[in-house]
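Notes for the one structure printed next.
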Amino acid sequence: MCGIIGYNGTADATPLLLDGLQKLEYRGYDSAGIAVYDNDEIDVVKSRGKIEDLRQKIAKGHVPHGTLGIGHTRWATHGQPSDDNAHPHYSASRKFAVVHNGIIENFAERKEELLKKGYVFHSETDTEVVAMLLDENDCGDFLRTVLKTLSQLTGSFALGVLCQDEPETMICAKRSCPLLVAVSDEGNYIASDITAVLAHTRHMYKMEDDEVAVVGKDSIAFYNTDGEPIGKQLETVTWDVSAAEKGGYPHFMIKEIMEQPEAVRNTFSPRITEDGTVKLDDIDLTDDMIRGFHKINIVGCGSAYHVGLVARYVIEQLARIPVEVDLASEFRYRYPLVDEHTLTIVISQSGETADSLEALREAKRLGSRTLSVVNVVGSSIATESDDVLYTWAGPEISVATTKAYSTQLIVMDLLAIRFALATGALSPSAAAEILAEMEKLPGKIEKIFEQTDKIERIAESFTFLHHAYFIGRNIDYAVGLEASLKLKEVSYIHSEAYAGGELKHGTISLIEPGTQVVALCGCERLVDKTVSNAKELMARGAHVLGIAVEGNTDVQNIADKVIYIPETLPVLQPSLEIVPMQLLGYYTAVARKCDVDQPRNLAKSVTVE
Ligand code: AGP
């Protein structure tokens with residue numbers, strides 16, 4: 001995520017950049033900075049913390065003055081939140097300054113090449129590589145230098161660049177990250193979203209992938225990455241500030257659901273080598289260490305715990321290492337059998353959940369090696385665990401987690417493959433097949449979005465329910481628990497998830513005419529069993545919504561309604577199966593006029609026991 005703003009005009013840039021960053025703070029808030037063209041030099045000021053910290057640093061120190069500048073508010077991916085890792089980043093010669101959103105996937109290779117050439121880096125970021133490459137490629141022509149640099153980058157980016165030789169120009173470019181160029185009477189802006197500039201203008205050019213803009217004080221020229229000029233249409237937005245923060249969506253929850261393809265891609269792609277194998281070089285676990293673990297313990301709360309339940313099936317199936325999954329609040333008090341032969345994995349979006357943090361500490365105290373899967377860089381759980389794998393989902397604002405859950409699944413799948421390669425349970429070619437399928441997940445999630453209207457209509461039929469039950473077996477049951485949580489936490493409809501085989505042991509007595517059941521039938525191996533359970537419930541008057549893999553007619557034959565999801569490998573099915581369930585929860589809550597992003601009694605980060 002992160003936020004970018006840039007200004008080139010006639011007014012003082014510093015206050016405009018700071019005000020714009022303030023509006024973008026919801027996109028990232030661990031550090032911020034600005035670069036202003038001031039008296040023939042690019043003046044950079046940056047600070048760890050919120051925009052207010054940057055304002056204070058500027059007020060107490062030197063205030064850059066100029067009418068051209070770029071600014072950035074950061075949500076850390078590569079490197080902890082710190083002054084050094086904050087953007088903008090200078091090139092080695094300080095001729096260029098860069099702000100960047102996204103992830104440069106080949107930054108490690110490029111950095112190694114640059115280090116060999118004698119470049120000295122001052123941050124741990126992937127962005128600084130872009131700044132250094134600008135020096136390396138400097139041909140005296142600003143645009144050509146940027147184009148050459150872009151051709152050497154893989155991954156996702158929105159970039160804003162200043163050049164000391166060009167006091168009248170900034171350049172921006174994008175690939176897979178949002179960016180726009182806005183036009184006002186006092187000059188032109190670049191911004192990662194319109195929120196940053198709504199106070200000044202509603203007129204903007206929306207940039208598409210692999211487009212570059214050369215932005216002057218009263219001119220804007222667009223190019224493709226071959227340097228050929230392209231024409232673009234000026235658009236006018238009618239959003240108010242709150243709609244703009246949500247990218248035009250009515251709630252953060254739906255915005256974040258829709259961001260999942262990008263979040264999954266960002267979490268997956270940088271961890272895959274060019275020859276298609278998994279590389280988790282952010283952790284220090286060797287093959288020998290992995291082979292030495294007798295057991296893996298996974299702990300988390302709420303949705304993070306549900307990810308652990310899915311991961312148990314995946315790790316045990318692929319790596320053949322026994323896995324135990326605990327609610328963090330239970331683990332810490334159950335005298336767990338954990339020792340130096342156990343790996344404890346703590347999953348947490350915020351990295352600050354009190355019970356998960358205490359479970360981590362308990363595991364460490366008992367001698368276990370610890371690994372955390374966390375979204376917030378530099379959070380307590382990330383800092384205190386031996387290894388950390390970040391989910392690069394970007395800031396998640398809605399209390400109900402969606403994109404963090406999906407990226408946690410991806411990280412756990414990657415870990416399972418890494419473990420399986422180390423134990424020898426999976427051959428490199430079988431691993432490559434799974435990874436190739438994982439690469440297709442973002443596209444398949446987008447495909448599910450084509451059914452959004454249909455799911456919204458189904459959700460309307462849930463509006464007046466008092467209870468709903470989710471059933472499934474094995475990995476579908478694990479997804480059912482999350483689907484049930486998604487529905488109940490935002491719509492306040494009582495819901496439970498049951499393992500299909502357990503129904504006859506008590507739960508079936510709850511079924512009466514009109515009871516709503518959702519049957520999760522993604523697990524190919526057990527679909528017949530779940531279909532039989534659904535039939536038994538329908539015979540007692542239940543209404544059944546089936547979730548099935550495209551082409552499965554068995555479910556269609558029995559269920560009242562079916563939502564189809566694309567086919568993938570059984571171990572990856574949860575990544576697709578959960579998406580319509582998130583949409584169902586969301587639209588049911590909307591139909592019931594609930595406070596979707598901030599459900600009653602809940603907090604985003606639970607930092608007390
Ligand atoms: C799910 O939508 C909830 N927000 C909640 O269950 C959450 O997953 C849980 O509180 C854990 O939070 P964490 O991932 O920040 O540790």
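For the single chain, residues carry numbers from 1 onward in sequence order. Remember, it's 1-based here, ligands and their atoms both numbered in the order they're listed.
Listed by chain and number, the residues in a ring pair (Phe, Tyr, Trp, His ring centres under 6.0 Å) with Phe252 are Tyr26 (sequence neighbours excluded). Listed by chain and number, the residues in a ring pair (Phe, Tyr, Trp, His ring centres under 6.0 Å) with Tyr564 amount to none (sequence neighbours excluded). Contacts of Arg312 classified as salt bridge (Lys or Arg N to Asp or Glu O under 4.0 Å), with partners at least two apart in sequence or in another chain: none.
Using a 4.0 Å cut-off between charged nitrogen and carboxylate oxygen, Glu358 and Arg361 count as a salt-bridge pair.
Under the 6.0 Å distance and 45° angle rule, Arg592 does not count as a cation-pi partner of Tyr492.
Annotation: ligand 1 has protein neighbours Cys301, Gly302, Ser303, Ala304, Ser348, Gln349, Ser350, Thr353, Val399, Ala400, Thr401, Leu485, Lys486, Glu489, each with a heavy atom less than 4.0 angstrom from the ligand.
Neither side chain, Thr267 nor Thr407, offers a donor N or O lying under 3.5 Å from an acceptor on the other.
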